[in-house]
Every structure is written in C-alpha cells, then in structure tokens.
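Numbers restart at 1 for each chain; the letters A, B, ... are given by sequence-line order, proteins then strands.
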Protein chains: 2
Amino acid sequence: MKKVPQRAGAPKSKILKAALDLFSSGGYSETTMSEIARSVGLSVGALYLRFRSKEELCLELIRDQTNDSDELTDRFRKPGDDPLQALRDYMDFSLEYAFKKKQLLSIFIREFRLPFMVPLRKKFLASQHKIIKDILAAGTAKGIFRPMDHDDVALMIFASMRGAVLLKIVFGIGDVKKISDSLFQLVICGIGKDSK
Amino acid sequence: MKKVPQRAGAPKSKILKAALDLFSSGGYSETTMSEIARSVGLSVGALYLRFRSKEELCLELIRDQTNDSDELTDRFRKPGDDPLQALRDYMDFSLEYAFKKKQLLSIFIREFRLPFMVPLRKKFLASQHKIIKDILAAGTAKGIFRPMDHDDVALMIFASMRGAVLLKIVFGIGDVKKISDSLFQLVICGIGKDSK
DNA sequence: GAATTTAATGAACGATGATTCATATGAACG
DNA sequence: CGTTCATATGAATCATCGTTCATTAAATTC
C-alpha cells in the first residue's frame with residue numbers, strides 16, 4: 001500500500017535547506033524551531049511530525065550535507081604516478097568542496113564542541129591526513145619532493161588549507177581559485193630565493 | 001572617601017577568569033549566569049552588582065584578555081635587517097601568543113558572528129597582514145626571498161598560521177614549538193626537491 | 001552598641017523556547 | 001455524503017534563563 005501524501009507536505013529536504021541557512025547564519029542555539037517553521041511556511045507542529053527534536057533535525061541536516069563526503073577521500077585513494085599533480089588536484093578539489101559547503105563548515109566551526117561532532121572531525125582529519133601523507137611519500141620516493149617528516153608536513157599542509165577556509169568563513173576573504181593557486185605555490189616552492 | 005570592600009568581595013578578575021573557562025568550553029549562549037556565579041562561589045545577584053548584563057560581562061572579558069594585544073603588532077613594526085629571522089620571530093611569537101590565548105580565540109572563533117567582533121577581527125587581520133607583507137618585501141629587496149605577490153603570499157602565510165591555531169583549538173592537536181618549526185620550514189622551503 | 005553604609009543573597013518575575021496535543025482540514029474511498 | 005486517514009495547526013505546557021529586588025548581614029562610624 002503506497003502512502004500518498006495528502007496535502008503535498010513540504011519535503012524534509014526543503015526544511016533542511018532552510019535550517020542550514022538559519023543555523024549557519026545565526027547559530028544553532030540562537031535559531032528557534034518557530035523560525036525554521038516560518039521560513040518554510042509550516043507550523044512548529046509540522047516540524048515535529050518529521051523530526052523527533054531540534055537536535056535530531058540538526059543531525060539529519062549534517063548527515064544530509066555530508067553524504068557526498070566520501071568523494072573527498074575516495075577520489076584520492078589511488079596513489080597515481082604524478083605526485084605533484086596529485087597534490088595540486090587534491091588541494092583544488094578539497095578547497096573547492098570546502099568553499100561549496102561553507103554553510104555546513106560554518107556550523108562545524110561554530111559548534112565544534114557539540115559531542116556528536118567529535119567522531120566526525122576525527123575521521124575527517126585522519127582521512128585527509130593520510131591522503132596528503134601518501135602523496136608526499138610518493139613524491140619523495142620519486143625524487144620530486146625533498147626528504148621530510150611526512151606526518152608532520154602533511155599536518156601543516158592540512159592546517160594551511162583549513163586556515164584558507166577559515167579566511168573565507170570567518171574573515172569573509174578569498175576567492176577559491178586564487179587561494180588554491182597561491183597556497184599550492186607556497187607549499188611547493190616556499191618563499192626562499194633558491195626555490196623553483 | 002575611599003570605598004573599602006566590606007566583605008572582601010571576589011574581584012572582577014576572578015569572575016572574568018571563571019567566565020572565560022565556561023564560555024570557552026561551553027559557548028556563550030550555553031553558559032548561564034548561575035553557572036558563572038556558582039563557579040566563583042557567588043550568587044547571581046553579586047554578578048549583577050559588578051556587571052550590567054551578561055553581554056557586558058563578556059565584553060569586559062574580551063577587553064581584559066586583549067589589553068596586551070598591542071604587543072603583537074608593536075613588537076614587529078620595526079623592519080629589521082634580517083627578514084628571515086624577522087619572519088621566524090614573528091611566527092614564533094604570534095603562534096605562542098595564540099596558543100597562550102586559546103580560550104579567548106576559541107570564543108572568537110565560535111562567536112565570530114557577534115556584531116561587536118567584526119571590527120576587532122578586521123583590525124587584527126589588517127595589522128598582521130601588514131607585518132608579514134613588510135617582512136616579505138624587505139626579504140625580496142635583500143634578495144633573500146623570491147619575487148612574489150607580497151599581498152597574496154602574506155595572506156596565505158596568515159591563513160596557514162590561523163590554520164595551525166585551528167588545529168590546536170578545534171582538533172586538539174599540536175605542540176606550539178613543533179608547529180612553529182614545521183610551518184616555518186614549509187613556508188621557507190616548500191616541499192619541492194630543489195628547495196634549500 | 002545603635003545607626004548607617006555596603007555588599008550578598010536567592011526567590012520571584014517576565015520572557016523565551018522546545019515540545020506536546022486536542023482540534024481542524026483536506027483527500028480518498030465507499 | 002459520510003467515514004476514515006493522513007496531515008497540519010498553534011495554543012498550552014513545561015522548563016530554562018536573564019534580570020530584579022526585598023531582605024539579610026557584615027563592617028564601619030559615631
């Protein structure tokens with residue numbers, strides 16, 4: 001027996017989109033269920049027909065926004081034979097992705113203390129760190145990159161990229177393409193005179 | 001006529017310290033006046049004898065924590081004749097300062113949308129950006145650094161350093177000294193084979 | 001040691017917000 | 001139509017929080 005919606009109820013996705021806008025611009029605690037309801041043209045009651053609670057709504061929102069996040073890791077799991085290009089591709093893609101999802105990241109940054117964020121963050125750091133480390137190791141093996149502490153340098157590259165994202169989200173500065181270029185250049189060459 | 005406290009009332013500084021702990025670990029909105037009061041062994045009423053409101057308390061806390069922030073800019077206003085060492089010193093000092101004030105920064109990051117944060121942030125970015133840019137320009141003039149878009153590269157260096165701070169605050173990872181070393185190394189040499 | 005001044009208390013107030021539920025409404029089906 | 005069912009509503013409920021203020025009490029003054 002098919003359940004046919006009887007009054008073409010607003011779908012969850014519409015609510016989640018509205019909640020993302022509100023949470024990211026005003027913060028989780030500061031956004032009320034009434035505001036979310038109003039912004040999708042529903043009553044509060046209708047929200048509770050779809051989500052057990054405000055927290056559940058937020059969790060579903062995060063799940064919804066991160067369901068494509070495997071792209072970020074899967075796409076770069078293969079080693080590849082050109083480490084320089086691999087790093088370039090990774091930085092481009094990762095920054096592009098982060099800028100596209102800046103509303104979500106804005107929530108992640110602001111609510112980074114929420115308990116259910118911890119495992120997500122941990123997993124993210126681990127996967128990205130590994131990707132960068134592998135590229136670096138491959139580059140060193142091929143003689144393209146200098147010898148280095150790959151763990152350490154990978155962490156710094158990760159930090160730099162997060163810093164660039166912060167620049168966008170918090171300081172409101174930066175164009176993805178340009179930042180991507182500049183940061184890659186800096187990471188590869190440094191600022192010393194003797195660099196390539 | 002001197003006003004002598006009659007029951008050796010807890011000084012503001014003690015309250016501000018407690019509030020810093022609570023705000024930074026739990027967030028501004030999520031921290032209640034009762035919690036602050038309890039954690040200094042006072043009643044809510046006593047808090048309101050010292051601060052007009054919760055927001056006023058928070059503002060005073062920020063003022064109190066940033067009253068030494070001029071160190072960060074004043075100390076590096078002089079050009080200096082060794083740009084490499086100047087950059088090193090700046091990065092060391094700035095990261096050290098940031099790590100020392102990580103509770104405050106945690107509030108800044110989390111509450112970055114609060115209207116009264118905007119000018120503070122703007123001023124901070126501008127001053128730090130100028131310092132880095134000047135060092136880079138001096139380095140290029142002396143032939144120690146390669147030719148580059150100083151505006152651009154200074155912004156990336158600033159971003160990298162903020163990213164390192166984020167690593168500490170959000171991801172809970174990193175030791176100041178080590179991060180300072182690694183990042184400086186990366187910024188100077190990059191990862192390419194032909195670098196120094 | 002009474003009077004006065006200063007500071008502390010915490011219950012009470014008013015506002016707000018998450019959540020619930022009794023009620024209403026429209027669609028589907030006979 | 002009338003019955004049934006899914007859905008929507010929003011006032012009521014319950015809890016929390018910022019803020020106030022009547023009351024208490026220590027210290028100081030005379």
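Of the side-chain N and O atoms in A/Arg50, one or more sit less than 4.0 angstrom from OP1 or OP2 of D/dA8.
Between A/Phe51 atom CZ and C/dT20 atom P the separation is 15 Å, expressed in whole Å. One interatomic measurement links the two molecules: OH of A/Tyr28 to P of C/dA18, which rounds to 8 Å at whole-angstrom precision. Following rounding to the nearest Å, A/Glu35 (CD) and C/dT16 (P) show an atom-to-atom distance of 12 Å. Protein atom CG of A/Leu57 is 10 Å distant from nucleotide atom P of C/dT19, rounded to whole Å. One can place CG of B/Leu47 at 10 Å from P of D/dT19, the figure rounded to the nearest angstrom. Across the protein-nucleic acid pair, B/Lys12 atom NZ and C/dA8 atom P stand 13 Å apart, rounded to whole Å. A/Lys54 has its NZ atom 14 Å from the C1' atom of D/dA15, to the nearest Å. Distance A/Leu42 CG to C/dA18 P: 16 Å, rounded to the nearest Å.
Within 4.0 Å of B/Thr31, counting heavy atoms only, lie sugar-phosphate atoms of the nucleic acid but no base atom.
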Stepwise, does the side chain to side chain contact (heavy atoms under 4.5 Å, CB included) test hold for B/Ile173 with A/Leu125?
CA-CA 10 Å; B/Ile173 283 181; A/Leu125 170 61; 3.2 Å; yes
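Side chain to side chain, B/Gln185 and B/Asp181 fail the donor-acceptor criterion of an N or O pair below 3.5 Å.
Residue B/Thr32 places its side chain closer to D/dC17 than to any other of C/dA18, C/dA8, D/dC17. Side-chain proximity of A/Met33 to C/dA18, D/dG18, D/dA8: nearest is C/dA18. When distances are taken from the side chain of B/Tyr48 to each of D/dT9, C/dT9, D/dT20, the shortest belongs to D/dT20.
C/dG30 and D/dC1 make up a base pair, with Watson-Crick or G-U wobble contacts both under 3.5 Å.
Inter-residue side-chain proximity for A/Tyr48 and A/Met33 is flagged as met; some heavy-atom pair is nearer than 4.5 Å.
Between B/Leu49 and A/Ser29, it is B/Leu49 whose nearest contact on DNA chain C lies nearer the 5' terminus. Sequence order on DNA chain C of the closest nucleotides to B/Gly41 and A/Val44 puts B/Gly41 first from the 5' end.
A/Lys54 places a side-chain N or O within donor-acceptor distance of the main-chain N or O of A/Tyr28, the cut-off being under 3.5 Å.
Around atom CG of B/Asp81, no more than 12 heavy atoms belonging to other residues, nucleotides or ligands sit under 6.0 Å away.
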